[in-house]
Amino acid sequence: MNVASLATQPADSKYEIAHLKLVPKRHIGRMIAAGVVLLLFAGLVRAFSVGQIEWSYVRDFLFAPAILAGLYNTLLMTVAAMGLGIVLGVVIAIMRISGNPVLSSIAIGYIWVFRGAPALLQLMLWFNLALIFPTLGIPGLFEFRTVDVMTPFVAAVLGLGISQGAYTSEVVRSGLLSVDSGQYEAARTIGMKQMMMLRRIVLPQAMRVMVPPVGNEVIGMVKLTSLASVIQYSEILHNAQIIYFANTRVLELLLVASFWYLLVVSVLSIGQHYIERYFGRGSKSIRSSM
Amino acid sequence: MNQDILVKAIDVTKNYGTFRALDKVSLEVARGEVSCIIGPSGSGKSTLLRCINLLERMDSGAIWVKDELIGYRRDGNNLHEISDAEISRQRQRIGMVFQRFNLFPHKTALENIIEGPVQVLGEPVKEARDRASALLERVGLADKANHYPSELSGGQQQRVAIARAMGMRPDLILFDEPTSALDPELVSEVLDVMRDLAASGMTMIVVTHELGFARNVANTVTFMETGKVVETGLASEVLSTPKSARTAEFIKAVRS
């Protein structure tokens, strides 16, 4: 077809489609899948409503003083154990990447040992330390009876915190490795010493990489504190158990505990979002570039 | 030593395993002088710069900056390696501008500049901010003070990096291929800032492939190849009437 004939041709109704009605594509498969899942979900809701759950117990015990005290202890343990884990994690990671062969070997050994045993076992080891070391201290300076020092709280903080430190140190190390070597050099050329360089330049950048996995670990720790119930620490699960041993409402009290765990984890997830935003300053977000 | 010599390197040698990156390199740079180092990749230009501010440790030879031995302290007939704190102190007076800028990405342009003065030199924040603003003005980026590096072009980032080096009030600034990572149209804005800096009397050692800059701004030019100084002299002489055939060949190849 040449240009002249195209220009002179009368308007062809075949190309006039602007006035036609648009019929969207039907997603039959999606609708079936959604229907099936909704049906299963409805069944689950029904099962819980007709199951032998006394919802009044759940309601009554949700804010019971013993449960709230347990919640407080759970949060306290999370903060204490995770705090110890993060401090140890940073120290061990810096030891590991330091040029000092003794320090880096000790760091590798620490990670090897404390990642190698279940957290529950480590809790029990600390709690029962008095069996092998009746007293703790530096001879001649000070000395304590181990059973006085190694309360359930202390044993749980040590057991959970020290094993957490082994995991967190690997997260910190991956964060440190993620910072470009040019950043270390730029910090050195303006005369920074090692510690200032880590604190002012390297760690703030490493945080961007570290926050998502550390957030994961904090959330994990909230739930890991339930292990401390085994050594008589009064966290929320331990207190719920004490109550259901008395009133035999096992599932109701487990649901109460689940509610609080879920609430705490939800709040932490929201907090993590804001922390990520803070440490992501200056970097283009992945989402906006996608 | 001559009062006017700011940097003096004698027989600097550096090996990476069996590879000799620097082979008895000597260099003198007078105060207020711009000294360009040219040469093909792998000739040891950057390694020499990095030895001057101790980012690399030389295997033998010696470097003085402002009559102070770099990296060592002389005590009678002994040379003692200086402490990390002493190394940091020596580096404070030697600015460095990198090929890849290396701005701190979590800090704004202004924060990048005041970081050293405030944290390392202990300058009051107010004073450091005022000086940093003036420096940004000088490199033509007064309106970018609160921008993060990721929001700046390569040329703008490099100008901030130069301002950051100047913020430490250095005796000397080392430039390691400052325009090699830039888009071609951004090269001139960085060279303009460097030209302005040279005119103000800053002592500069510039590793570069910009022979135009070397010809117009540099006082001396040193041509290096395979870790050795092939030729050194006044910029006009080395670039226009090189003595060595190899220098002439390199200049011809870069220009065409």
Side-chain angles (χ1 to χ4, degrees), chain A residues 90 94-95 97-104 172 174-212 214 273-290, chain B residues 46 49-50 52-56 83-109 111-122 146-152 157 160-161 164-170 172-176 181:
Chain A
V90 171
I94 291 174
M95 280 169 66
I97 63 168
S98 78
N100 185 327
V102 174
L103 293 187
S104 71
V172 174
S174 66
L176 294 177
L177 292 177
S178 77
V179 178
D180 183 65
S181 64
Q183 293 292 312
Y184 290 80
E185 293 186 348
R188 289 198 184 102
T189 54
I190 57 170
M192 285 193 169
K193 291 179 212 153
Q194 192 76 3
M195 274 301 142
M196 184 186 279
M197 175 178 78
L198 285 173
R199 185 168 54 81
R200 299 281 313 174
I201 305 300
V202 178
L203 279 174
Q205 293 181 57
M207 286 299 279
R208 206 166 70 80
V209 175
M210 282 155 50
V211 168
V214 168
H273 169 75
Y274 285 99
I275 295 173
E276 276 180 33
R277 209 167 64 172
Y278 173 77
F279 284 108
R281 69 193 189 284
S283 63
K284 290 179 180 140
S285 89
I286 294 169
R287 200 178 297 147
S288 72
S289 66
M290 261 162 52
Chain B
S46 294
L49 275 198
R50 295 164 62 83
I52 294 175
N53 70 355
L54 287 167
L55 287 180
E56 305 279 353
S83 67
D84 290 349
E86 279 291 297
I87 290 174
S88 299
R89 189 187 59 72
Q90 289 189 334
R91 283 186 183 133
Q92 288 168 21
R93 310 293 298 171
I94 306 172
M96 181 140 183
V97 174
F98 299 89
Q99 182 178 353
R100 302 277 340 161
F101 330 134
N102 294 347
L103 290 180
F104 305 130
H106 59 306
K107 294 183 181 295
T108 62
E111 288 169 346
N112 263 278
I113 300 172
I114 67 170
E115 182 68 13
V118 171
Q119 298 296 328
V120 177
L121 302 179
N146 296 318
H147 285 59
Y148 285 99
S150 61
E151 299 162 344
L152 302 175
Q157 288 189 56
V160 173
R164 176 174 70 180
M166 287 157 70
M168 294 297 288
R169 302 184 207 265
L172 160 75
I173 300 184
L174 311 172
F175 292 83
D176 188 4

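Numbered from 1 within each chain, the chains take letters A, B, ... in sequence-line order.
- For the set B/Leu54, B/Val120, B/Asn53, the entry with the most heavy-atom pairs within less than 4.5 Å of chain A is B/Val120.
- In this structure, the portions of B/Pro105 lying under 4.5 Å from any heavy atom of chain A include both its backbone and its side chain.
- Among A/Gln194, A/Met196, A/Arg200, the residue making the largest number of heavy-atom pairs under 4.5 Å with chain B is A/Arg200.
- If you measure heavy-atom distances from A/Met192 to chain B, the contacts under 4.5 Å come from both the backbone and the side chain.
- The line from CE of A/Met197 to OG of B/Ser88 is 9.0 Å long, rounded to the nearest 0.5 Å.
- The number of heavy-atom neighbours closer than 6.0 Å to CZ of B/Arg100, taken from other residues, nucleotides and ligands shown, is 12 or below.
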task: Start with the C-alpha distance between A/Ile201 and B/Glu115, add both sets of side-chain angles, then the distance that settles side chain to side chain contact (heavy atoms under 4.5 Å, CB included), and finish with yes or no.
output: CA-CA 10 Å; A/Ile201 305 300; B/Glu115 182 68 13; 4.2 Å; yes
- request: Verify side chain to side chain contact (heavy atoms under 4.5 Å, CB included) between A/Thr189 and B/Ile94, making sure each step is shown before the conclusion.
  value: CA-CA 7 Å; A/Thr189 54; B/Ile94 306 172; over 6 Å; no
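- Heavy atoms only, all atoms of each residue included: B/Gln92 and A/Gly191 are closest at CG-CA, 3.9 Å.
- Expressed to the nearest 0.5 Å, how far CD1 of B/Ile113 lies from CD1 of A/Ile190 amounts to 11.0 Å.
- Counting heavy-atom pairs closer than 4.5 Å to chain A, the top-ranked of the candidates B/Ile87, B/Asp84, B/Leu103, B/Thr108 is B/Leu103.
- Chain A forms more heavy-atom pairs under 4.5 Å with one residue of B/Leu121, B/Leu174, B/Val97, B/Leu55 than with any other, namely B/Leu55.
- In terms of modelled atom types and a separation under 3.5 Å, the side chain of B/Asn102 and the main chain of A/Gly182 share a donor-acceptor contact.
- Across all their heavy atoms, A/Ala186 and B/Phe104 have their closest contact at CB-CE2, 3.8 Å.
- Listed by first then second residue, pairs satisfying salt bridge (Lys or Arg N to Asp or Glu O under 4.0 Å) with a partner in residues 178-193 of chain A read A/Glu185-B/Arg50, not counting sequence neighbours.
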